[in-house]
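Accompanying notes for the structure given below.
Order of the sequence lines fixes the chain letters, A, B, ..., with proteins taken first and strands second; residue numbering starts at 1 for each chain. Computation of the quantities below employed the complete heavy-atom set of this structure, encompassing side-chain atoms and omitting hydrogens, waters and symmetry-equivalent molecules.
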Amino acid sequence: MSASNGHRVRVVVATPAHSGLRGPLSYESERALPPGALLRVPLGKREVLGVVWDAEPDDDAGAGFTARPVAACLDEIAPLPAAWCQLVDFTANYYQRGVGEVALAALPPQLRDLDGTQLARRLKKVATGHPAVRGADVGPPPSPEQQGALDRIAAGDGPFLLFGATGSGKTEVYLRAAERVLARDPAAQALVLVPEINLTPQLLARFVDRFGAAHVVAMHSGLTPAQRLRSWLAAHHGHARIVLGTRMAVFTSLPRLGLIVVDEEHDPSYKQQEGARYSARDLAVLRGRLETVPVVLGSATPSLESWQACESGRYQRLEMPSRIGAGALPRVRLVDMNQQPRKTLLAPALLEAIGERIARGEQSLIFLNRRGYAPVLACTACDWKSDCPHCSAFRVFHKADRTLRCHHCGYTERVPRACPGCGNVDIAPLGRGTEQLEEHLSELLSQQLRPGPDGQSRPVRVARMDADTTRAKGALEAQLAQVHAGEVDVLVGTQMVTKGHDFRRITLVAAVNPDTALYSSDFRAPERLFALLMQAAGRAGRDAAHADASQMWVQTWNPGHPLFTALRRHDYPGFAASQLRERREAGMPPFVFQALVRAEARTQEAAQAFLKAAREGGEGLDATGQVMLYSAVPMSLQRVANVERAQLLVESASRPALQHFLAAWQPVLQALRTPGVLRWAVDVDPLAV
DNA sequence: AGCACGCCGACT
DNA sequence: GTCGGCGTGCTC
């Protein structure tokens with residue numbers, strides 16, 4: 001190496017956490033390279049993409065290796081902004097992963113594969129210059145509530161929690177807030193996050209409509225690699241003014257970021273469940289702080305974390321209780337299933353109400369969070385049940401193709417003719433899924449007729465929408481179009497039907513069996529159920545003409561449960577207050593901070609042995625005495641695809657204490673060599689404990 | 001993660 | 001005699 005005129009650069013590459021190479025690697029470069037510059041560097045026998053990280057440190061000058069030369073510099077692409085590097089650095093540290101792993105995962109995958117010439121060609125395709133954004137007065141005039149929220153966003157520094165009922169016009173606030181930021185700075189950019197790919201098209205359309213297609217790009221895993229690279233380059237070089245995408249989009253390089261919006265901020269989809277298990281919502285808040293940019297978190301049912309942050313003054317709450325262009329929220333009717341005959345699937349009063357809607361040419365939405373025909377198949381003579389041989393779960397009976405399918409590992413078999421245990425031919429479904437509900441409703445409504453457009457009566461149309469009916473490409477869009485076109489009278493579906501879709505003609509929403517969430521061991525289950533039911537209720541009566549007659553039906557065996565009482569009043573603040581009180585008393589998040597170590601092994605013993613050793617290795621690492629290590633326990637779904645899973649909970653009332661502990665613990669975990677352990681991972685701020 | 005090297009079974 | 005199974009180990 002030519003130490004006299006060569007430059008030592010520190011570069012991060014995609015080295016996974018367990019590889020032992022956690023920090024940046026040193027390379028030789030002929031010229032000085034700025035932090036954030038993209039490079040190709042040799043790594044073993046390969047040549048990989050790297051990002052220049054910090055300046056040369058003086059502590060590894062004499063280390064036991066010779067730095068290899070940088071292979072190429074991708075000069076066509078501007079270096080990543082310092083704020084982007086800070087965000088990646090924080091993410092890696094906070095979520096206990098390697099910097100390089102996080103940095104490279106945050107870049108479009110195609111960037112890794114293309115060489116300099118290919119990239120130059122791609123870059124030419126991305127439009128240059130900053131065409132003026134479209135006029136600011138395209139949208140409807142903001143309501144006083146919307147204007148109040150906008151004024152506070154413009155005046156304060158946030159983060160803001162935009163607490164607005166479904167239909168209160170949160171989107172218009174996002175649009176106007178973005179408009180303002182873009183109008184003030186001719187190069188400013190806004191980042192808009194949505195929970196799911198499915199929800200991007202309609203919000204994207206709103207932004208394109210307002211700002212013009214040239215300024216808006218999408219960023220999510222549904223894009224082709226080429227599209228994703230194109231969007232990313234447009235954002236990175238400042239040509240895109242609005243980036244709209246799913247959680248991954250929080251890492252988009254945006255040189256002139258001026259606003260961050262997180263829509264439906266309570267949605268669990270914002271938590272990444274693989275690799276670095278980040279919360280895009282939390283990172284959005286952090287990014288806003290790093291770049292001194294306002295952050296707007298929007299929801300009708302905020303996460304208790306965000307709600308508590310408002311209570312403690314860390315976030316500012318902006319309230320929009322009124323529904324725009326619609327009447328009151330639907331009236332909530334509870335059906336006490338204790339008063340119904342046993343095995344009632346749909347209460348007669350509910351059926352009657354559905355019938356009334358059909359007669360009036362209105363639509364109903366029936367929600368059941370379980371796909372398939374029945375969750376279990378059981379022998380009536382012996383104790384055989386449709387267990388999955390590979391998982392600690394039942395296989396679900398799908399009547400349409402006569403299969404038993406495991407929803408966890410995918411193992412599928414044809415339904416046996418007779419009981420595999422005793423040969424009895426009488427095997428019966430236990431419980432109900434959407435398929436059965438659809439079948440049942442079709443039968444019950446088969447006698448009924450609906451008014452046709454020509455005055456003639458027509459048979460009632462029942463449709464089902466779940467992961468099974470929307471699997472094919474374009475099927476979801478086709479089904480939604482059918483509902484919108486009024487070709488469906490009663491729509492049965494899983495929670496996918498409750499999200500976002502603006503069904504104009506629906507005036508009745510029913511939750512058939514939401515009680516399971518009340519008995520869940522997950523302390524967040526009530527919070528999720530409340531959000532789900534509120535969101536479902538929001539599907540009804542979005543059209544002002546029918547809003548007054550719109551209803552939300554809930555069938556429950558626990559009609560006195562406070563959750564339903566709050567739901568009936570549409571009282572999220574009351575529900576949140578009681579949940580937070582319980583959480584505070586029980587010492588649960590958001591009043592304590594948690595992390596999990598999850599281990600996967602061939603046997604449960606091996607998984608727990610690893611965690612036991614991890615726990616022993618962790619004793620004494622916490623000097624503060626504020627970190628609590630629990631015992632290793634099997635995960636609630638103990639075995640998936642023949643892999644045994646266990647977890648260990650770590651908890652502290654102090655986030656810094658927990659962070660210090662986890663950082664000190666990491667090398668200990670890394671060094672553990674427990675036989676039989678396949679994988680392990682740390683999950684900071686886990687959603688399901 | 002890749003991609004090596006490394007030592008033991010069934011085949012042109 | 002080789003092709004190839006995937007068990008450790010290294011990558012600036």
Under 3.5 Å side-chain donor-acceptor pair for Glu413(A) and Thr403(A): no
Length of the CD-P vector between Glu101(A) and dG2(B), whole Å: 12 Å
Atom-to-atom span, NZ of Lys45(A) to P of dG9(C) - whole angstrom: 19 Å
Pair Tyr278(A) and Tyr94(A), ring centroids less than 6.0 Å apart: no
Under 3.5 Å: donor-acceptor pair, side chain of Gln647(A), backbone of Ala599(A): no
Sugar-phosphate only, base, or nothing, as touched by Pro42(A) at under 4.0 Å among non-hydrogen atoms: sugar-phosphate
Interatomic distance where CD belongs to Glu47(A) and P belongs to dC3(B) [whole Å]: 13 Å
Residue pair His236(A) / Ser253(A), side-chain donor-acceptor N/O under 3.5 Å: yes
Tyr27(A) OH - dT11(C) C1' separation (whole Å): 8 Å
Gap between atoms CZ and C1', on Arg46(A) and dG9(C) respectively (whole Å): 14 Å
d(NE2, His7(A); C1', dC12(C)) in whole Å: 18 Å
d(CG, Leu49(A); C1', dG2(B)) in whole Å: 16 Å
Interatomic distance, Arg40(A) CZ vs dT11(C) C1' [rounded to whole Å]: 16 Å
